[in-house]
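Below is one structure; the comments refer to it alone.
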Amino acid sequence: MRRPPTRHDATTLVGREQECDLLRARLDAAHAGHGQVVLVAGEPGIGKTRLAEEAARMAGSLGMACAWGRAVDDDGSPPFWPFRLIVRALAAGSADPWPQPPPTEHLPAEIKAQERFLLFEAVTVHLTTTAAGTGLLVVLDDLQWADASSLRLLVHLVRAIDTARIAMVVTYRDTEIGHRQAVKQALGELARESPVTRLRLVGLTETQVAAQLAAATGAPLPGDVVATVSRRSQGNPFFVGELAGVLRGEGGGQDPALALPDGVRDAVRARLARLGAGTRPVVDAAAVLGSAADVAGLAHVADMDHAGVLAALDDAAAVGVLRADGTEFAHDLVREAARADVARAVRLDAHRRLAEYLQRQPDAEARAAELAHHWLESLPLGDAGQAAAWAERAGRAASAQCAWEEAAGMFGRAAAVTGDPAQRCELHIARAAAHLHAYQMSHARDAVLEAVGLARGLGDGPLLARAVLVLEGMNDLTWVPEERVLCEEALALLPEEDSSLRARLLAQLSVDILMSAYVLPGASERSEGLSRAALAMAERLGDRVALRSALNARQIACCGPDGVRERLALGDRFVTQGAADNDDMAEMWGRLWRFDALMQLGDLDGAERELGPLASVVRRLRLPLAAWHLACTQGALALARGRLDTARSHIDHALALARRGGHLGGLLPSQGALAVLGMLTGFADDEQAHPLSGWEHVPTLHGMLALVHWYAGREDDARREYALAPDVDRLPGFLLMSAVAGSIELADAFGDRAMLEAAYDALAPYADLFCCGGAGVIAPTGSAHGALGVAASALGRADDAVRHLRKAIEVNDRVGAPPFAAIARFDLARALARRRRPGDRDEAAALARQAAATARQLGMAPLLGRAEQLTRTLAGDVPGPLTRRERQIAALVADGLTNRQIGAAVHISERTAENHVQHILTKLGFTTRAQIAAWAVRDRDAD
């Protein structure tokens with residue numbers, strides 16, 4: 001079993017007694033079958049690795065095996081490097097123990113992330129199986145340098161060791177993670193896991209520094225010397241050890257008090273100065289090239305024979321620059337200090353010479369990342385063509401290992417140095433795909449645009465098509481206008497005959513056109529034709545990737561309420577196809593389409609039954625975008641069921657995933673769901689009251705923005721956004737029902753009769769459906785009969801209103817949607833109070849009380865306030881019918897007069913007119929003058 005390099009300086013553990021006790025307790029727990037993880041943080045040289053070595057000694061005394069993996073500060077290290085070391089250490093001499101992802105060539109590119117999950121599981125099973133006997137300690141050193149894929153694997157592993165006999169000690173420099181977003185994200189996720197304990201090492205006290213100095217020098221030192229060392233080292237054990245060397249007489253015979261350097265760099269320089277002329281070039285090369293350079297490589301770079309290199313390494317070990325075995329620097333800080341003193345030209349030439357050497361080795365292809373690193377670091381002196389070629393190979397190798405983040409970085413670096421525009425375009429396409437797999441959406445879009453620009457310049461249609469189609473199927477509203485133009489441009493450059501690229505472009509174009517319905521006349525008809533053409537072409541070709549794209553386009557083409565049955569059938573087809581082909585992504589989309597269709601059909605029970613299988617397939621995929629879709633569906637159903645706290649939790653999770661991935665197409669729906677939730681529960685603070693800030697430029701959102709402003713009490717803002725909202729006939733099908741229902745609520749408040757009539761006519765054919773989106777249910781708003789009843793009541797069609805609202809109550813109660821049943825009860829109470837037939841008032845009062853009770857139970861503060869106010873009015877706690885003067889004032893409000901103008905018209909003061917208006921609002925249960933105006937018009941018509 002591989003052990004860490006042994007350092008016999010036991011004084012490093014001075015002052016770490018409590019930390020050792022904690023490690024001992026965690027190891028005992030892991031040995032008993034309760035997996036443990038200890039995150040050890042601190043600055044360089046503080047003793048993290050030494051503490052991990054002590055943990056290894058303790059584990060050995062318990063009979064536990066131990067394996068070490070160490071991340072290195074070298075871009076040339078392959079993905080998963082620290083875990084490769086761990087698996088290799090446990091493999092008992094196996095030549096290539098690292099698990100390879102199973103082949104999944106039949107899956108399209110966007111599913112590739114499933115491979116990474118399978119690899120993660122293979123490593124996890126390997127470690128937990130190894131630990132099942134006597135237990136296992138895994139040490140992961142220097143996490144701050146770990147690649148993003150290793151970090152994701154670490155999180156996966158930690159979540160799986162609760163009942164395993166595994167202890168993990170993970171060390172990292174918390175002073176060096178500020179710009180390493182992947183490290184910060186991983187640490188944040190780990191902090192929420194129950195097996196994890198966090199431990200931060202701090203500097204030694206002056207007393208502890210004195211003890212370490214005494215142990216290192218062989219005798220106690222004067223207090224003033226100890227104080228100086230303590231102050232200059234800040235208690236850092238490594239610094240203290242370096243300064244102790246000066247005090248032992250290793251500083252050239254100077255007075256120790258005067259010879260104390262200002263920092264460790266000076267201490268390291270003092271050691272380096274003692275190296276012979278033949279040794280320093282070898283040490284410089286080793287410092288520049290890192291752990292990847294072996295003796296033969298160093299010999300080539302330093303232009304020496306092997307014996308000379310070995311002698312130089314021995315000399316460096318003798319003065320404490322390298323460890324005793326001569327294979328590694330005594331500390332990372334020693335290497336960093338040595339590297340900092342090497343001239344730039346020397347560094348570049350060292351990388352070039354080592355790259356040339358490695359390229360001639362038989363295992364060169366397996367060391368693509370290392371070769372790419374050295375060729376890239378040799379520029380501008382080195383060969384840019386070689387740098388680009390090896391960086392591309394390293395990117396392909398990283399992709400094959402599902403190390404998407406590393407792959408994207410390599411493709412980007414290759415693109416930056418190649419001189420061939422076509423190759424640069426291919427590299428940016430590959431980079432975009434890698435970012436997409438890693439759910440780094442903003443980076444993926446940037447890479448696509450880079451590729452598009454290059455393909456345009458080349459006039460290459462297939463290349464342009466492939467660039468555009470990287471983001472195929474994402475259906476991002478913020479990307480649609482640009483994508484639509486690009487699809488049309490690419491189609492114009494492709495031959496007219498059938499091809500997979502052409503079918504996929506037609507499919508994506510049909511989606512983009514439908515989503516642009518508010519600016520494109522006849523969009524629905526054109527989208528329908530394109531989607532059918534794409535499907536026919538894909539079926540003629542028998543191309544599975546094109547067929548998948550075409551089916552997705554058909555689902556979008558029939559995303560309006562007219563197409564709900566076809567969407568359900570498409571979902572069935574995709575679920576069946578996914579099961580037959582072992583294609584989890586196809587099954588996921590099929591489940592999502594079925595969920596959307598069942599929700600719009602009002603079959604909440606059926607939709608809820610989809611969540612179990614959907615969650616299972618999402619767990620298998622381990623794809624952030626899949627997790628986002630699951631969180632959205634879970635939030636939508638919880639909202640419909642009235643589990644509003646649960647809904648908020650799911651929506652917050654979806655929002656966090658979208659933000660983490662820079663996914664605007666995921667951010668907007670998540671914020672929209674929060675907006676609907678806020679309108680149901682009330683906005684707790686000013687930040688919550690602006691859930692859609694920043695989206696004012698999206699035309700289809702003006703209606704939603706107006707509703708948010710209205711519920712937040714910003715009437716002027718609500719009116720402004722309402723005026724900008726697109727007409728009903730310009731709404732895309734997937735937004736039709738939700739947008740029309742919202743328009744009815746605002747039109748009722750603002751007395752907009754024309755909108756009420758248009759909205760009623762648009763929604764009436766779908767009265768038996770649920771109001772929700774047809775291409776991703778984000779936040780349902782209940783039976784369409786509810787919105788139709790509000791519109792009918794506002795239009796003075798009292799009997800139609802009562803009929804619709806009774807049906808809305810019946811439907812929402814039957815399917816189990818209590819929030820919307822309560823809203824329908826309140827709206828029916830208002831309609832009955834307005835109708836004023838015998839018995840209407842008593843029934844209205846009972847309905848208002850029922851609505852208030854449900855609102856109180858579910859936490860629907862806005863509805864509760866309105867229902868209680870209406871209950872008081874109907875019960876006579878507020879003065880009843882309007883007086884003649886109040887009806888006169890209401891009529892003047894309907895004529896658009898201000899309080900001052902009303903006062904002048906009826907010869908009363910402005911303040912008295914204001915009081916009258918307030919009394920009218922209270923009696924009628926209204927909140928705005930627009931509602932008074934609408935009531936007055938209906939009252940006048942009734943008279």
Quick check for you: to the nearest 0.5 Å, what is the distance between [X] atom [atom1] and [Y] atom [atom2]?
X: Glu610; Y: Asp603; atom1: CD; atom2: CG; result: 9.5 Å
X: Glu193; Y: Leu157; atom1: CD; atom2: CG; result: 11.0 Å
X: Trp593; Y: Cys558; atom1: CH2; atom2: SG; result: 9.0 Å
X: Glu721; Y: His702; atom1: CD; atom2: NE2; result: 6.0 Å
X: Ser149; Y: Leu154; atom1: OG; atom2: CG; result: 12.5 Å
X: Ile778; Y: Ser670; atom1: CD1; atom2: OG; result: 6.5 Å

Has the side chain of [X] got a donor or acceptor atom that lies under 3.5 Å from a matching backbone atom of [Y]?
X: Asp596; Y: Gly776; answer: yes
X: Arg198; Y: Ala191; answer: no
X: Ser531; Y: Ser527; answer: yes
X: Arg641; Y: Gly816; answer: yes
X: Thr854; Y: Ala851; answer: no
X: Glu608; Y: Leu637; answer: no
X: Gln185; Y: Gln181; answer: no
X: Asp727; Y: Asp729; answer: no
X: Glu472; Y: Gln508; answer: no

I'd like to know if [X] and [Y] make a salt bridge, using a cut-off of under 4.0 Å between side-chain N and carboxylate O.
X: Asp813; Y: Arg825; answer: yes
X: Glu450; Y: Arg431; answer: no
X: Arg648; Y: Asp645; answer: no
X: Arg620; Y: Glu587; answer: yes
X: Asp827; Y: Arg866; answer: no
X: Arg152; Y: Glu189; answer: yes

Inset, instruction - In sequence, state the C-alpha distance, the side-chain angles, and the governing distance for Phe683 and Val708, and then conclude on side chain to side chain contact (heavy atoms under 4.5 Å, CB included). - result: CA-CA 10 Å; Phe683 297 111; Val708 171; 4.2 Å; yes
Please find the pair of heavy atoms, one from [X] and one from [Y], that lie closest to each other, and give the distance.
X: Ala673; Y: Ile651; answer: CB-CD1, 3.7 Å
X: Leu763; Y: Ala787; answer: CD2-CB, 3.7 Å
X: Gly590; Y: Val575; answer: C-CG2, 3.6 Å
X: Ala689; Y: Pro691; answer: C-CD, 3.3 Å
X: Pro561; Y: Gly733; answer: CD-O, 3.8 Å
X: Cys632; Y: Ala654; answer: SG-CB, 4.0 Å

Inset, instruction - Walk me through it: do Ser524 and Ile513 pass the test side chain to side chain contact (heavy atoms under 4.5 Å, CB included)? - result: CA-CA 8 Å; Ser524 297; Ile513 286 174; over 6 Å; no
Legend entry - Listed partners of Arg609 passing salt bridge (charged side-chain N to carboxylate O under 4.0 Å, His left out), at least two apart: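 Residues passing salt bridge (charged side-chain N to carboxylate O under 4.0 Å, His left out) with Arg609: none at all.
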Inset, instruction - Please list, chain by chain and in numerical order, all residues satisfying salt bridge (charged side-chain N to carboxylate O under 4.0 Å, His left out) with Arg180, sequence neighbours excluded. - result: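 Arg180 satisfies salt bridge (charged side-chain N to carboxylate O under 4.0 Å, His left out) with no residue once adjacent residues are dropped.
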With side chains defined as the heavy atoms from C-beta onward, is the minimum distance between [X] and [Y] less than 4.5 Å?
X: Arg548; Y: Phe574; value: yes
X: Gln634; Y: His653; value: no
X: Phe770; Y: Thr781; value: no
X: Val777; Y: Gln600; value: no
X: Arg484; Y: Cys487; value: no
X: Leu639; Y: Phe820; value: yes
X: Arg445; Y: Trp479; value: yes
X: Pro669; Y: Trp628; value: yes

Inset, instruction - Walk me through it: do Leu151 and Val155 pass the test side chain to side chain contact (heavy atoms under 4.5 Å, CB included)? - result: CA-CA 6 Å; Leu151 293 167; Val155 173; 5.8 Å; no
Legend entry - Option passing side-chain contact (heavy atoms from CB on, under 4.5 Å) with Met704 (candidates Gln671, His709, Met679): Met679
Inset, instruction - Carefully, step by step, assess Arg720 and Asp717 under the rule salt bridge (Lys or Arg N to Asp or Glu O under 4.0 Å). - result: CA-CA 5 Å; Arg720 183 188 68 249; Asp717 292 335; 2.8 Å; yes
Inset, instruction - With sequence neighbours excluded, tell me which residues meet ring pair (Phe, Tyr, Trp, His ring centres under 6.0 Å) with Phe595. - result: none
Inset, instruction - Please identify each residue that fulfils ring pair (Phe, Tyr, Trp, His ring centres under 6.0 Å) with His443, with sequence neighbours left out. - result: His435
Legend entry - Trace of the side chain to side chain donor-acceptor pair (under 3.5 Å) decision for Asp147 with Ser150: CA-CA 5 Å; Asp147 57 278; Ser150 292; 2.7 Å; yes
Inset, instruction - Count the heavy atoms of every other residue, nucleotide or ligand shown that sit under 6.0 Å from CG of Asp605, and state whether that count exceeds 12. - result: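 Counting other residues, nucleotides and ligands, CG of Asp605 exceeds 12 neighbours.
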Inset, instruction - Would you please indicate yes or no on a ring centroid separation below 6.0 angstrom for His629 and Trp589? - result: yes
Inset, instruction - May I ask you to check whether Trp710 and Phe750 place their ring centers less than 6.0 Å from one another? - result: yes
Inset, instruction - Determine, step by step, whether His785 and Asn812 satisfy the side chain to side chain donor-acceptor pair (under 3.5 Å) criterion, reporting the C-alpha distance in whole Å, the side-chain angles of both residues, the deciding distance to 0.1 Å, and the verdict. - result: CA-CA 10 Å; His785 281 289; Asn812 288 321; over 6 Å; no
Inset, instruction - If a pair satisfies salt bridge (charged side-chain N to carboxylate O under 4.0 Å, His left out) and one of its residues is in residues 549-560, list it, with sequence neighbours excluded. - result: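 Counting only pairs at least two positions apart or across chains, the salt bridge (charged side-chain N to carboxylate O under 4.0 Å, His left out) contacts touching residues 549-560 are Glu528-Arg554, Arg554-Glu566.
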N/O donor to acceptor pairs below 3.5 angstrom from side-chain atoms of residues 736-749, sequence neighbours left out:
unit_1: Ser743; atom_1: OG; unit_2: Ala739; atom_2: O; d: 2.9
unit_1: Glu745; atom_1: OE2; unit_2: Tyr711; atom_2: OH; d: 2.2
unit_1: Asp748; atom_1: OD2; unit_2: Arg830; atom_2: NH2; d: 3.3

Legend entry - side chain to side chain contact (heavy atoms under 4.5 Å, CB included) between His650 and Leu630, worked out: CA-CA 9 Å; His650 289 308; Leu630 176 62; over 6 Å; no
